[in-house]
Amino acid sequence: MIPDAPGSADATASYTARVTDEPIDPARVMARVGSAGDGAVLLFLGTVRNHADGRAVTGLRYEAYLPMAREVLEQLAREAAGRLGSGGVAAVHRVGALDVGEVSVALAVSSPHRAEAFEVARTFMDDLKVRLPVWKRERYVDGSESWVDGSAISPSSGPDSGGG
Amino acid sequence: MERVRALFFARYRDLVGASEIELEIPEYREGQPFTVVDLIRHIRSRGEPFSELPPDATVAVNRHVAGADQPVRPGDEVAFLPPVAGG
C-alpha cells in the first residue's frame, strides 16, 4: 500500500504560492512539494546579482501590486500544476529591499519523472517574467537608483487554462 | 459624475507623484461604455504630469489586465502598470 499524500491521490498536482516581504527559506519551499509518487524534486532560486549592464549593484527593491501579484502567482502555480498532472508546485516571491545574494524568487517542482519538472519550471519562470505585476529598482555603488526596464505585461490566459 | 480608484506603480507612481487618486468618470450608460482607452485619454487630458503617461499604457481593471475596449465602471479599481520586472 502506498499511503495517500495530500494532492496526489487523484493524480492532480498540488500547488501553493506566496508573496512575502520576509527572507525566503529555500528548504521550506522545497518541503512543500514531493510525495511518494515523485521521482524528481527541482528547486530554482532567483538571486540578486552584484552587477547589471556593467554597473556594480549593491541591492534591489521589489515593488508589487500586492493583491494582483498574489492572484497571478497563484494562477501561475495552478497552471503549472495543471501541466504536471501529478506532483507538486510551490512558489514564493519576495518584495521589499534585498541585498546582493538574497533570494528573490523560489520555485520548487516535484513530479514522477524529471523531464516534466524541468519543463514546467522553465515555463513557470518565463510566464512569471511577463505576467507578475512586480517592479525592480536597482541600487548602485554610487548611491543612485533606477527602475529596471521590464517587459510589457501579458494578460493571463484565463482562469481555467490549466492545460496551457 | 462617478468615480474610480486609480493606482500607479513604480515609474508611473514616480511620474504622477501619487500612488493612488480618485478619478471622476462619466456615469455608466448601456450601449455607450466608457472603456480603458477612454480612461487613458481622460486621465492624460488632465495635463502634466498625467499627460506623460503613455497612450498605450497597460491597465488592469479590478486586478485583471484589461483590453483597450474593456468597459470601466464606477467603483472599479484601475491600475496603471509599467513594464514588469519580477523574478
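Only a predicted model underlies this, so the values are computations on that prediction, with no experimental measurement involved. Residue numbering restarts at 1 for every chain, and letters A, B, ... go by the order of the sequence lines.
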query = Is it true that atom CG of A/D142 has more than 12 heavy atoms of other residues, nucleotides or ligands lying nearer than 6.0 Å?
reply = yes
ask   = Between A/V105 and chain B, which part of the residue has a heavy atom less than 4.5 Å away: side chain, backbone, both or neither?
value = side chain
task = Output the option from B/V84, B/L7, B/V65 having the highest count of non-hydrogen pairs under 4.5 Å with chain A.
result = B/V84
inquiry  = Please check if the number of heavy atoms outside A/E119 that lie under 6.0 Å from its CD is greater than 12.
reply    = no
Residue part contacting chain B, namely of A/S151, when any heavy atom lies under 4.5 Å = both
request  = Please look at B/A66 and chain A and tell me whether the side chain, the backbone, both or neither of the residue comes under 4.5 angstrom of a heavy atom of that chain.
outcome  = neither
message = Classify the ring geometry of B/F8 against B/F80: parallel below 30°, tilted from 30° to 60°, perpendicular beyond 60°.
response = parallel
remark   = When the 4.5 angstrom heavy-atom criterion is applied to A/R137 and chain B, the contacting part is side chain
ask   = Which heavy-atom pair separates A/R139 from A/D99 by the least distance, and what is that distance?
value = NH2-OD1, 3.5 Å
inquiry  = Whether the side chain of B/H42 engages the backbone of B/E24 through a donor-acceptor N/O pair (distance < 3.5 Å, no angle test) should be reported.
reply    = yes
query = Got more than 12 heavy atoms from elsewhere within 6.0 Å of CD, B/E48?
reply = yes
ask   = Given a strict heavy-atom distance threshold of 4.5 Å, which part of A/A69 is in contact with chain B: side chain, backbone, both, or neither?
value = neither
ask   = By a 4.5 Å heavy-atom criterion (distance strictly below it), what part of A/Y62 contacts chain B: side chain, backbone, both, or neither?
value = side chain
ask   = Is the CZ atom of A/R32 crowded by more than 12 outside heavy atoms at less than 6.0 Å?
value = no
key: Part of A/L132 lying under 4.5 Å from any heavy atom of chain B   = backbone
Interface moiety of A/V95 toward chain B, non-hydrogen atoms closer than 4.5 Å = neither
